[in-house]
Amino acid sequence: QVQLVESGGGWVQPGDSLTLSCAASGSDISRDPMAWYRQAPGKEREWVALITIGGSTNYRDSVKGRFNISRDGAKNTLYLLMKNLKPEDTGVYFCNHKWSVWGQGTQVTVSS
């Protein structure tokens with residue numbers, strides 16, 4: 001069973017950048033489908049970005065051109081580079097493995 005630990009969240013101002021990490025253990029994630037989700041206060045958890053078995057990526061419309069999902073097989077870690085952050089990007093960000101396993105989440109707050 002894979003375990004996931006997210007890190008890298010914090011408080012930033014609008015327009016800033018932030019990189020989230022999701023360290024995996026217990027399984028090699030380099031060829032598994034992985035995704036990032038987020039949950040804003042009082043809202044449903046929503047999908048943000050995914051990377052497929054073959055390495056293709058896809059993003060929800062609101063983050064296209066600003067976010068980039070990637071992974072490092074040697075470090076067994078998934079990343080989410082977030083640029084030009086907006087207040088509506090605020091939430092707890094979770095990584096997900098094969099649509100099944102979740103990490104504990106990391107808080108991202110975008111506010112001036």
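All figures in this text were calculated on a predicted structure; none of them were measured in a lab.
- With values rounded to the nearest 0.5 angstrom, Ser25 atom OG is found 10.0 Å from Gln1 atom CD.
- Side-chain contact between Val92 and Phe94 is present, with heavy atoms from C-beta onward closer than 4.5 Å.
- Minimum heavy-atom separation, Ser30 to Gly73: CB-CA, 4.0 Å.
- Panel note: side chain Gln104, backbone Val5; no donor-acceptor pair is recorded below 3.5 Å.
- In this structure, the side chain to side chain donor-acceptor pair (under 3.5 Å) partners of Thr109, at least two apart in sequence or on a different chain, are Gln107.
- A distance of 9.0 Å separates NZ in Lys83 from OG1 in Thr19, rounded to the nearest 0.5 Å.
- Smallest separation of non-hydrogen atoms from Trp47 and Ala35: CD1-CB, 4.3 Å.
- Distance check: Ser21 OG to Arg71 CZ gives 15.0 Å after rounding to the nearest 0.5 Å.
- Lys98 places a side-chain heavy atom less than 4.5 Å from the side chain of Pro33.
- Taking Ile, Leu, Val, Met, Phe, Trp and Tyr as hydrophobic and joining them when side-chain heavy atoms fall under 4.5 Å apart, one finds Trp36 in a cluster with Val2, Leu4, Val12, Leu18, Leu20, Ile29, Met34, Val48, Ile51, Tyr59, Val63, Phe67, Ile69, Leu78, Leu80, Met82, Leu85, Tyr93, Val101, Val108, Val110.
- Sorted by first and then second residue, the salt bridge (charged side-chain N to carboxylate O under 4.0 Å, His left out) pairs involving residues 22-51 (not counting sequence neighbours) are Arg38-Glu46, Arg38-Asp89, Glu46-Arg60.
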